[in-house]
Amino acid sequence: MTTNSTSNETVPAPEQRLRMPELAPDFYQAMIAVDRASRKGLDPVLAELVKVHASMINGCAFCIDMHATDARKNGEQDHRLVSLPAWRETPWFTARERAALALTESVTLLTQGHVPDAVYDEAAAQFEPAELAQLIALIATINTWNRIGVSTRMSPAAK
């Protein structure tokens, strides 16, 4: 029997598998330090765009929610956040942001062609070497957080 529900009740989040801060506290604290270090010198809005975009690619609901919230707190606009999966089709990302988003995709999806020279070269044209190093560190870090969040089934809090 199929039931057509018209209820607006939300579905509960899947049960979290384990809690890294409690079970691997040294690692978790090291990740927090790496996260803090990876953001140094980068524009906070750009950093959050990168984090949201990587998290969308990786399907990490916890990180999407957290970083979209942080982006909004830093002044980011909803229309830009919701259009990140189609950023190439929109007129509202700067050349610098576009280079960062393309690099985010290439680093996040390494098995789909690694990081092509054209993507890297465009990022290198938009960012000074130290900024580019920080951007790569940021992308690597959010990908690690996404893997933690997805594998342990971290879920955003109900709203």
#### Entry: Nearest heavy atoms of Ala100 and Val50, plus distance in Å
CB-CG2, 4.1 Å
### Message
When you measure from the side chain of Gln134 to the backbone of Lys40, do you find a donor-acceptor pair of N or O atoms at a distance under 3.5 Å?
### Response
yes
### Query
Can you find a pair of side-chain heavy atoms, one from Thr90 and one from Arg98, that are under 4.5 Å apart?
yes
## Note on the structure
Distance col, row Leu81:CG vs Leu49:CG, nearest 0.5 angstrom, shows 6.5 Å
### Task
State the CE-CG distance between Met154 and Asn146, to the nearest 0.5 angstrom.
10.5 Å
### Gly149 to Cys60 - nearest heavy-atom pair and separation
CA-SG, 4.1 Å
### Task
Would you give the length of the straight line joining atom CG of Leu84 to atom CD1 of Ile57, rounded to the nearest 0.5 angstrom?
9.0 Å
### Task
Starting at CD1 of Ile142, measure out to OG1 of Thr108 and round the result to the nearest 0.5 Å.
9.0 Å
### Query
Quick one: are Leu103 and Phe127 in side-chain contact, heavy atoms under 4.5 Å?
no
### Task
Using a strict cut-off of less than 4.0 Å between a Lys/Arg side-chain nitrogen and an Asp/Glu carboxylate oxygen, indicate whether Glu97 and Arg80 qualify as a salt bridge.
yes
### Query
Are Leu138 and Leu110 joined in one hydrophobic group, where the rule is that I, L, V, M, F, W and Y side chains link up if heavy atoms are under 4.5 Å apart?
yes
### Query
Which atom pair, heavy atoms only, marks the closest approach of Gly59 to Val150?
O-CG2, 3.8 Å
### Task
Would you please say whether a donor-acceptor pair under 3.5 Å links the side chains of Thr141 and Asp35?
no
### Side-chain heavy atoms of Pro21 within contact of Tyr28, under 4.5 Å
yes
### Task
Evaluate the side-chain proximity of Thr152 to Arg19: yes if any heavy-atom separation is below 4.5 Å, no if none is.
no
### Query
Can you check whether His79's main-chain N or O pairs, donor with acceptor, with Gln77's side chain at less than 3.5 Å?
no
### Query
Which atom names give the shortest non-hydrogen contact between Ala123 and Ala99, and what distance separates them?
CA-CB, 3.9 Å
### Task
Determine, for Arg88 against Glu105, whether the closest basic-nitrogen to carboxylate-oxygen distance falls under 4.0 angstrom.
yes
### Summary
Closest heavy-atom pair, Asp65 versus Pro156, reported as atoms and distance to 0.1 Å, is OD2-CB, 3.5 Å
### Message
I'd like to know if Leu42 and Leu132 are part of one continuous hydrophobic network [Ile/Leu/Val/Met/Phe/Trp/Tyr, side-chain heavy atoms within less than 4.5 Å].
### Response
yes
### Message
Take a 6.0 Å sphere around CZ of Phe93 and say whether it holds more than 12 heavy atoms from other residues, nucleotides or ligands.
### Response
yes
### Query
Any donor-acceptor pair under 3.5 Å linking the side chain of Asn143 with the backbone of Ile139?
yes
### Query
Just one of His67, Arg39, His53 clears the side-chain hydrogen bond (donor to acceptor under 3.5 Å, both in side chains) bar with Glu48, so which one?
His67
### Query
Do the non-hydrogen side-chain atoms of Val107 and Tyr120 ever get within less than 4.5 Å of each other?
no
### Message
Within this structure, what is the SG-NZ distance for the pair Cys63 and Lys51, rounded to the nearest 0.5 Å?
### Response
9.0 Å
### Message
Is there a continuous path of hydrophobic side-chain contacts, each under 4.5 Å between heavy atoms, that joins Met56 to Trp145?
### Response
no
### Task
Tell me yes or no: between the side chains of Ser83 and Trp92, is some donor less than 3.5 Å from an acceptor?
yes
### Query
So, do Phe27 and Ile148 sit near enough that their side-chain heavy atoms are less than 4.5 Å apart?
yes
### Message
For Glu128, is there any backbone N or O sitting under 3.5 Å from a side-chain donor or acceptor partner on Glu131?
### Response
yes
#### Entry: Distance, nearest 0.5 Å, that separates CG of Leu46 from CG of Asn74
11.0 Å
### Query
At their closest point, which heavy atom of Ala102 faces which heavy atom of Trp87, and how far apart are they?
N-CZ2, 3.7 Å
#### Entry: Side-chain (Arg153) to main-chain (Glu15) donor-acceptor, under 3.5 angstrom
no
### Message
Under 4.5 Å between side-chain heavy atoms, counting indirect links through other Ile/Leu/Val/Met/Phe/Trp/Tyr residues: same cluster for Ile32 and Phe62 or not?
### Response
yes
